[in-house]
Amino acid sequence: MDDRLRKQLDFMIELDKMKNLYRQTYVLCEDRKENDAEHSWHLAILAMMLSEYSNEPVDVLHVIKMVLVHDVVEIDAGDTYCYDSEGYKSKAEREEKAAQRIFGLLPDDQQAEFYSLWREFEDSETADARFAALLDRLQPLTLNYTKGGISWQEHGIRKEQVLARNTEYFGVSDKIAEAIKEMIDDAADKGWLK
């Protein structure tokens with residue numbers, strides 16, 4: 001087999017592990033948590049569907065690429081719950097090490113491309129990356145809200161924590177920010193947030 005194809009297939013096999021990395025967000029139609037592969041797919045669909053609400057023009061294909069690779073590093077680094085302040089202390093280091101190993105499985109040109117996409121998402125400095133990050137906040141928040149705030153209640157999350165996690169990205173989309181604020185306020189009114 002061609003060396004390039006072998007590396008690409010090895011990477012594909014490695015990615016299959018994402019199907020067994022469970023997050024804190026529950027899927028709606030079952031009593032289980034979503035996995036990283038489901039989350040990434042959901043974000044890619046959101047990028048296609050919601051790009052019209054970005055305050056700045058975004059390259060939808062570029063956003064899709066970012067959201068599809070942004071959690072690949074969790075194969076090694078694990079999923080750090082967004083409200084786990086202790087876990088965030090070592091998150092960047094764990095994920096950087098994972099990025100080097102996992103993307104290193106690819107041929108050099110794709111290794112550079114995938115790493116660059118992941119790094120852009122993490123740095124959140126471009127309009128595309130900031131829109132991708134907003135989607136990464138919107139999706140679990142919406143699922144959690146729709147499921148009665150189950151994850152927030154399990155972890156004793158406060159309204160201020162949810163606002164703090166999302167406020168930085170409110171300038172990315174006025175419409176989506178408005179929807180997020182409405183869900184947070186309603187969840188607090190219903191007692192789902194402390």
Side-chain angles (χ1 to χ4, degrees), residues 15 17-56 58 60-61 63-75 77-85 87-88 91 121-122 124 127-194:
L15 289 185
K17 294 176 182 176
M18 292 181 73
K19 297 173 186 174
N20 291 311
L21 293 170
Y22 291 91
R23 304 166 43 80
Q24 294 301 313
T25 306
Y26 285 84
V27 297
L28 297 181
C29 298
E30 297 178 43
D31 189 28
R32 70 170 177 87
K33 295 177 179 177
E34 73 174 349
N35 65 46
D36 270 3
E38 292 167 323
H39 171 69
S40 296
W41 165 82
H42 217 176
L43 294 184
I45 295 293
L46 288 178
M48 292 170 55
M49 192 171 55
L50 301 180
S51 62
E52 68 187 86
Y53 299 110
S54 177
N55 289 348
E56 294 183 61
V58 293
V60 175
L61 179 58
V63 172
I64 289 171
K65 287 180 177 183
M66 267 191 279
V67 299
L68 287 174
V69 303
H70 83 289
D71 279 342
V72 167
V73 297
E74 293 182 2
I75 290 169
D79 177 50
T80 304
Y81 184 46
C82 63
Y83 302 109
D84 178 4
S85 55
Y88 263 79
K91 181 179 185 275
F121 179 90
E122 290 299 310
S124 197
D128 289 351
R130 291 182 58 74
F131 186 70
L134 175 63
L135 298 177
D136 191 41
R137 282 150 178 77
L138 174 66
Q139 186 262 359
L141 185 143
T142 304
L143 291 182
N144 195 30
Y145 173 79
T146 304
K147 194 130 178 157
I150 188 170
S151 182
W152 292 324
Q153 292 182 68
E154 284 179 354
H155 296 279
I157 303 302
R158 297 180 321 278
K159 178 180 179 179
E160 296 77 27
Q161 289 175 279
V162 181
L163 281 170
R165 170 143 173 86
N166 291 281
T167 302
E168 175 184 355
Y169 293 95
F170 282 171
V172 174
S173 169
D174 297 335
K175 289 268 190 191
I176 294 174
E178 183 181 317
I180 288 173
K181 289 177 203 173
E182 285 178 16
M183 285 186 273
I184 293 170
D185 287 342
D186 191 51
D189 289 346
K190 290 177 176 173
W192 302 341
L193 292 166
K194 287 184 170 186

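We count residues from 1, following the sequence as given. All figures in this text were calculated on a predicted structure; none of them were measured in a lab.
- A heavy-atom distance below 4.5 Å is found between the side chains of L193 and I157.
- Qualifying ring pair (Phe, Tyr, Trp, His ring centres under 6.0 Å) partners for Y88, counting only residues two or more places apart in sequence or in other chains: none.
- Two residues are said to be in side-chain contact when any heavy atoms from C-beta on lie closer than 4.5 Å; D36 and I75 fail this criterion.
- Residues R165 and R137 come closest through the heavy atom pair O-NE, 3.2 Å.
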task = Could you walk me through whether M183 and L138 pass side-chain contact (heavy atoms from CB on, under 4.5 Å), step by step?
result = CA-CA 10 Å; M183 285 186 273; L138 174 66; 4.1 Å; yes

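- Considering NZ of K33 and OG of S151, their distance stands at 6.5 Å, rounded to 0.5 Å.
- V63 has its side chain within reach of L135: a pair of non-hydrogen atoms, C-beta onward, lies under 4.5 Å apart.
- Within the structure, the ring-ring contact (aromatic ring centres under 6.0 Å, His included) test picks out the following pairs touching residues 172-194 (sequence neighbours left out): Y145-W192.
- Residue G156 comes nearest to K194 through the heavy atom pair O-CD, 3.5 Å, listed as atom of the first residue, atom of the second, then distance.
- In this structure, CD1 in I184 is found 6.5 Å from CH2 in W152, a value given to the nearest 0.5 Å.
- Under the side-chain hydrogen bond (donor to acceptor under 3.5 Å, both in side chains) criterion, E154 pairs with Y26, not counting sequence neighbours.
- A search for side-chain hydrogen bond (donor to acceptor under 3.5 Å, both in side chains) contacts involving Q139 returns E34, H39, H42, not counting sequence neighbours.
- Taking the charged nitrogens against the carboxylate oxygens, R32 and E38 do have a contact shorter than 4.0 Å, which makes a salt bridge.
- Here the shortest heavy-atom pairing between G148 and Q153 reads O-NE2, 2.7 Å.
- Annotation: ring-ring contact (aromatic ring centres under 6.0 Å, His included) contacts involving residues 164-185, sequence neighbours excluded, are absent.
- The aromatic ring centroids of Y83 and H155 lie 6.0 Å or more from each other.
- Rounding to the nearest 0.5 angstrom, the gap separating the CE atom in M49 from the CD1 atom in I45 is 7.5 Å.
- Surrounding CG of D31 are at most 12 heavy atoms belonging to other residues, nucleotides or ligands under 6.0 Å away.
- Interatomic distance, CD of E74 versus CG of N35, reported as 11.0 Å (0.5 Å rounding).
- In this structure the side chain of L46 never reaches within 4.5 angstrom of the side chain of V67, judged on heavy atoms.
- Residues K159 and D185 meet the side-chain proximity criterion, which asks for heavy atoms closer than 4.5 Å.
- Contact annotation: the side chain of D71 never approaches that of F121 to less than 4.5 Å [non-hydrogen atoms, C-beta and beyond].
- Atom CG of residue D136 and atom CG of residue L141 lie 11.5 Å apart, to the nearest 0.5 angstrom.
- In this structure, the separation between CG on D79 and OG1 on T25 is 8.0 Å, given to the nearest 0.5 Å.
- In terms of heavy-atom proximity, V58 sits nearest to A127 at CG1-O, 3.8 Å.
- Of all the heavy atoms in A47 and V60, the pair that sits closest is O-CG1, 3.8 Å.
- In summary, D186 and K190 engage in a salt bridge, as defined by a charged side-chain N under 4.0 Å from a carboxylate O.
- Residue pairs that meet the side chain to side chain donor-acceptor pair (under 3.5 Å) test with at least one member in residues 44-55, sequence neighbours left out, are N55-D174.
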